[in-house]
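Single-structure report; data block below.
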Amino acid sequence: MVDKISASLEQAVAGIRDGATIMLGGFGTAGMPDELIDALIATGAGDLEVVSNNAGNGETGLAALIKAGRVRKIICSFPRQPDSHHFDALYRAGKIELDLVPQGNLAARIHAAGAGLGAIFTPTGYGTQLAQGKEEREIDGRNYVLEYPIHADFALIKALKGDRWGNLVYHKSARNFGPIMAMAARCTIAQVTETVQLGALDPEAIVTPGIFVQRLVAVRPGGPASASAQEGATCAN
């Protein structure tokens, strides 16, 4: 019987090693899998390369991971904002690397990885410092820059509901990068507010099919992970 539900947050993030590349869903705080990130911090894994839209807000989620000194490099489109002080301090101290990618390019490159593409040509960044050293090409009178897909070892994402096969539905804008990150990572781990029985999700509403999810764990708002989980599906670590 296929059952991808993990019994705990600790079980869900088991096997994430030092040096792993990890995608973190979220657009600011919307869709950020805070509890999974807390569990990742507890594992002690470090020297991580993180792919996310921004570089953390305040003291929770990605900001807490950065504050703990576990992130070696971050690939993001929006590193600075008024409450990104932990990233700011480490970057100014030369203790964290930054790969700045325009937001549309970031999404397109993640999607390209999930779609199995070898590369994409994008007009965004042409003629700027972001294009230096990259192949350029004119197509139908417009100039483009060659960009490569962004893959990850793990994706930590947040959804609203999921079933034991890993099918996911999202809550409004909290969906953001979750679906494409689930496609681009070798092992996708989803935290959901609620797990439901097979068949309870409207097939037309399922955004991420279970084939892209290897583990999921239920986290009630303000509470611990669900204890109703069973044998979790595994990822090749």
Side-chain angles (χ1 to χ4, degrees), residues 8-10 12-13 16 18 20-107 110 150 152-160 168 170-182 184-185 188-194 216-226:
S8 66
L9 287 160
E10 292 75 14
V13 299
I16 297 181
D18 289 351
T21 298
I22 302 178
M23 291 179 173
L24 298 179
F27 194 95
T29 57
M32 181 71 69
D34 287 341
E35 287 79 4
L36 277 177
I37 295 173
D38 288 343
L40 172 60
I41 294 172
T43 68
D47 193 35
L48 301 173
E49 182 171 303
V50 169
V51 181
S52 186
N53 183 57
N54 67 354
N57 301 79
E59 302 293 332
T60 61
L62 174 55
L65 186 66
I66 291 173
K67 180 182 179 181
R70 306 294 175 76
V71 181
R72 172 182 54 80
K73 176 181 179 180
I74 184 164
I75 302 172
C76 71
S77 68
F78 194 67
R80 292 206 64 203
Q81 48 202 350
D83 59 354
S84 61
H85 44 271
H86 292 304
F87 167 78
D88 290 2
L90 290 175
Y91 184 76
R92 292 178 187 280
K95 295 181 178 179
I96 189 170
E97 299 176 43
L98 170 66
D99 184 353
L100 184 65
V101 180
Q103 192 171 82
N105 285 5
L106 180 68
I110 294 170
I150 299 174
D153 299 307
F154 296 89
L156 307 185
I157 63 174
K158 183 177 182 179
L160 178 62
L168 302 177
Y170 298 83
H171 180 64
K172 299 182 178 179
S173 62
R175 166 175 166 177
N176 54 71
F177 282 83
I180 56 173
M181 287 183 170
T188 293
I189 305 165
Q191 75 171 63
V192 297
T193 303
E194 180 185 1
L216 73 160
V217 60
V219 180
R220 292 186 294 272
S226 168

Close side-chain approach of P179 to Y170, heavy-atom, < 4.5 Å
yes
So, taking the atom named CD1 in I66 and the one named NZ in K95, what distance separates them when rounded to the nearest 0.5 Å?
14.0 Å
Kindly indicate whether the side chain of V51, heavy atoms from C-beta on, has any atom under 4.5 Å from the side chain of L106.
yes
What pair of heavy atoms forms the shortest contact from G58 to A63, and how long is it?
O-CB, 3.2 Å
Given 3.5 Å as the limit, does a donor-acceptor pair link the side chain of S52 with the main chain of L24, or not?
yes
Report yes if some heavy atom in the side chain of I157 is under 4.5 Å from a heavy atom in the side chain of L168; otherwise report no.
yes
Between K158 and V219, is a side-chain contact (heavy atoms from CB on, under 4.5 Å) present by the stated rule, with each step listed?
CA-CA 10 Å; K158 183 177 182 179; V219 180; over 6 Å; no
Once you round to the nearest 0.5 Å, how far does CG of L156 lie from CG of D34?
11.0 Å
What verdict does the side-chain contact (heavy atoms from CB on, under 4.5 Å) test give for F87 and L98, after you've listed the backbone C-alpha separation in whole Å, the side-chain angles of each residue and the deciding distance to 0.1 Å?
CA-CA 10 Å; F87 167 78; L98 170 66; 4.1 Å; yes
Qualifying residues under side chain to side chain donor-acceptor pair (under 3.5 Å), relative to D18, sequence neighbours excluded
none
Rounded to the nearest 0.5 Å, what separates atom CZ in R220 from atom CD in E35?
11.5 Å
N176 and S173 have their tightest heavy-atom pair at ND2-O, 3.0 Å
Residue pair N53 / C76: nearest heavy atoms and the distance that separates them
O-CB, 3.5 Å
If only atom types and distance count, is the side chain of T21 paired as donor or acceptor with the main-chain N or O of D153 below 3.5 Å?
no
Does some side-chain heavy atom of I22 sit less than 4.5 Å from a side-chain heavy atom of L65?
no
What pair of heavy atoms forms the shortest contact from I150 to M23, and how long is it?
O-CE, 3.2 Å
Are F154 and L40 side-chain neighbours, meaning at least one heavy-atom pair lies under 4.5 Å?
no
Can you tell me how far OG1 of T60 sits from CG of D38, rounded to the nearest 0.5 angstrom?
8.0 Å
Are more than 12 heavy atoms, taken from residues, nucleotides or ligands other than R70, located less than 6.0 Å from that residue's CZ atom?
yes
With side-chain contact (heavy atoms from CB on, under 4.5 Å) as the test, pick out the partner of P79 among I96, L100, D88, N54.
L100
Between P102 and S77, which heavy-atom pair has the shortest distance, and what is it?
C-CB, 4.0 Å
Any chance you could lay out the side-chain contact (heavy atoms from CB on, under 4.5 Å) test for V71 and L90, step after step, and finish with the verdict?
CA-CA 10 Å; V71 181; L90 290 175; over 6 Å; no
Any residue meeting side-chain contact (heavy atoms from CB on, under 4.5 Å) with K73, in chain and number order, not counting sequence neighbours:
E49, I75, E97, D99
Is a donor on one side and an acceptor on the other found under 3.5 Å between the side chain of Q191 and the backbone of L36?
yes
Give the minimum heavy-atom separation between I180 and A107, together with the two atoms involved.
CD1-O, 3.6 Å
